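Note that this is a predicted model, so its numbers are computed, not measured. Hydrogens, waters and symmetry mates play no part in the numbers below; they use all other heavy atoms, side chains included. Residue numbers start from 1 in every chain, and the chains themselves are labelled A, B, ... in the order their sequence lines are given, proteins ahead of strands.
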Amino acid sequence: MPELPEVETIMQGMRPALEQRFLQKVQVNRPDLRRPFPAHLKETLTQRRIIKLYRRAKYILADLEGGWTLLIHLGMSGRIFIDPPGHPIEERRHEHVVMITDEHTRLALVDPRRFGMVDLFRTEEAAHYPPLASLGIEPLDDGALTPEHLKHALGKSLTPIKNALLDQKRIVGLGNIYVCEALFRASIHPARPATQLTNKERERLCMIIPEILHEAIKAGGSTLRDYVTTDGEKGTFQTMHQVYGREGEECIFCAQHHKKTALIMRITQSGRSTFFCPQHQRK
DNA sequence: ACATGACCCTGTGAGC
DNA sequence: TGCTCACAGGGTCATG
């Protein structure tokens, strides 16, 4: 579910509750999500101070005292609920991990589909820790997403640009929504072989991708169904979607640029929906 | 080395 | 009302 803007929003929402706090009580309600939890999860977290929270790709990371780092991935349906001290606790399904801080703030990881992940690794091993080791360009880092770096990341790959931009080994943070939106704004057909993009097209992507991600973070992310921020608020970026979920509707870009009316199409690429305008996103 | 498809799981909404 | 089907924001394997 959550792509970079949603993960960033959630992480920022967790910060005031977690940074510099001790975890007074940790409840682990099942043995695994996509993978087994580390056997020592509860023991390692309990009574430990959280130094800082940050994000890499779509992972939420927390450095803990004693050299451990906690990693949380929300998969497709993962959410974090934060209940302030004294808040009545409502009954929620799929609360897999619950953490209560020394200030009595309650954080619950809820993930109905269980595609998420919770793990621990030694902080100094981050560069060799498999889920993080092979990640690609972090698009919001200063100087990271340049046309040259993007060219290198796409390499000689003949895979469709849509799939290449979803591949976290090349560039991180984009998911199905933001890839569709980026290609739409950059006027690039999603089926174009990745390696065959022109310099101009790579330049446009390098402008547009951070632009969209920043706008989406500002809007608190996109809520399609059930995504909510840690305050329980919905994101509002879905109202700014220009193609995603708009199959059969009129292309906004073509309407603005006095082109002939065009209708948004939906195709399937590697089993996932792609939305695009067949008129201005040229092959 | 690379690309594709199956798979992991539950929930929801559309259509009958 | 209740059923079946398609589809959902992601990542990892096995296979070719």
Side-chain angles (χ1 to χ4, degrees), chain A residues 1-11 29-37 55-60 71-80 92-96 109-119 129-136 152-183 190-196 209 212-213 216-217 219-229 234-248 266-275:
Chain A
M1 163 200 86
E3 306 181 32
L4 186 152
E6 291 77 32
V7 175
E8 179 68 24
T9 302
I10 290 167
M11 186 277 295
N29 295 329
R30 54 171 299 121
D32 56 17
L33 288 177
R34 197 174 73 216
R35 304 167 163 279
F37 294 141
R55 178 192 59 73
R56 169 80 171 107
K58 298 173 192 168
Y59 295 98
I60 295 168
L71 169 142
I72 298 173
H73 193 285
L74 299 170
M76 290 280 265
S77 58
R79 284 171 277 170
I80 303 282
R92 267 188 223 111
R93 296 191 68 192
H94 309 295
E95 280 195 347
H96 306 314
L109 168 64
V110 169
D111 184 4
R113 292 179 75 179
R114 307 205 300 270
F115 289 172
M117 176 174 168
V118 175
D119 202 6
Y129 173 67
L132 302 181
S134 53
L135 291 175
H152 182 253
L154 298 176
K156 297 195 194 318
S157 178
L158 292 171
T159 206
I161 186 63
K162 156 80 184 315
N163 294 344
L165 294 177
L166 281 176
D167 180 355
Q168 307 292 301
K169 291 185 175 64
R170 303 177 193 275
I171 176 170
V172 304
L174 300 175
N176 216 25
I177 296 177
Y178 297 102
V179 165
C180 291
E181 293 298 320
L183 291 174
R192 286 275 298 288
T195 193
Q196 287 173 18
I209 288 171
I212 294 181
L213 295 176
I217 291 168
S222 299
T223 296
L224 294 189
R225 273 157 278 282
D226 47 11
Y227 158 78
V228 280
T229 69
K234 295 184 174 195
T236 61
F237 194 72
Q238 65 281 2
T239 63
M240 326 259 272
H241 291 176
Q242 297 179 0
V243 267
Y244 189 87
R246 297 191 68 247
E247 182 183 15
R266 182 169 75 92
I267 57 173
T268 300
Q269 292 180 289
S270 293
R272 310 190 68 191
S273 289
T274 303
F275 298 87

What is the separation between atom [atom1] on [X] and atom [atom2] on [N], rounded to the nearest whole Å?
| X | N | atom1 | atom2 | value |
| --- | --- | --- | --- | --- |
| A:Q269 | C:dG9 | CD | P | 13 Å |
| A:L132 | C:dT12 | CG | C1' | 15 Å |
| A:Y129 | C:dG11 | OH | P | 13 Å |
| A:K169 | C:dG10 | NZ | P | 15 Å |
| A:I171 | C:dG11 | CD1 | P | 13 Å |
| A:K156 | B:dA3 | NZ | P | 13 Å |
| A:L135 | C:dT12 | CG | P | 9 Å |
| A:R30 | B:dC8 | CZ | C1' | 12 Å |

Integer angstrom distance from the [atom1] of [N] to that of [M]:
| N | M | atom1 | result |
| --- | --- | --- | --- |
| B:dT12 | C:dG11 | P | 23 Å |
| C:dG9 | B:dA3 | C1' | 23 Å |
| B:dG5 | C:dC7 | P | 15 Å |

Check the phosphate of [N] against [X], side-chain N and O only, distance under 4.0 Å to OP1 or OP2. Yes or no?
| X | N | value |
| --- | --- | --- |
| A:H73 | C:dG11 | yes |
| A:Y244 | C:dG9 | yes |
| A:R79 | C:dG9 | no |
| A:S77 | B:dG11 | no |

Exercise. Which base, if any, makes a Watson-Crick or G-U wobble pair with B:dC9, both distances under 3.5 Å?
Worked result: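 B:dC9 is unpaired by these criteria.
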
For this session: Select from A:R266 and A:R272 the residue whose nearest nucleotide in DNA chain C is closer to the 5' end of that strand.
Result: A:R266

Would you check if [X] and [Y] make a side-chain contact, meaning some heavy-atom pair closer than 4.5 Å?
| X | Y | value |
| --- | --- | --- |
| A:P131 | A:H73 | no |
| A:P2 | A:K58 | no |
| A:R56 | A:L135 | yes |
| A:N163 | A:V179 | no |
| A:F237 | A:P5 | no |

For this session: Verify the stacking flag for A:F115 against C:dG11: centroid separation must be under 5.5 angstrom and the ring planes must differ by under 30 degrees.
Result: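 It does not: the two rings, one from A:F115 and one from C:dG11, miss the stacking criterion.
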
NA contact type, [X], heavy-atom cut-off 4.0 Å: base, sugar-phosphate, or nothing?
| X | answer |
| --- | --- |
| A:L166 | nothing |
| A:G271 | nothing |
| A:R170 | sugar-phosphate |
| A:S273 | sugar-phosphate |

Counting side-chain heavy atoms from CB outward, which of [options] is closest to [X]?
| X | options | result |
| --- | --- | --- |
| A:R35 | B:dT4, C:dG10, C:dC13 | C:dC13 |
| A:H94 | B:dT4, B:dG11, C:dT12 | B:dG11 |
| A:I177 | B:dT4, C:dG10, C:dG9 | C:dG9 |

Seminar exercise, completed: Exactly one of A:Q269, A:K162, A:E3 clears side-chain hydrogen bond (donor to acceptor under 3.5 Å, both in side chains) with A:N176, and that residue is A:K162

Problem set entry | Along DNA chain B (nearest heavy atom to each residue), the more 5'-positioned of A:S157 and A:R113 |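 Mapping each residue to its closest nucleotide by heavy atoms, the 5'-most match is A:S157.
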
Exercise. Looking only at N and O atoms, is any donor in the side chain of A:R114 or the base of B:dC9 less than 3.5 Å from an acceptor on the other one?
Worked result: no

Exercise. Do the side chain of A:R79 and the main chain of A:V110 share a donor and acceptor less than 3.5 angstrom apart?
Worked result: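 No, A:R79 side chain to A:V110 backbone: no donor-acceptor pair under 3.5 Å.
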
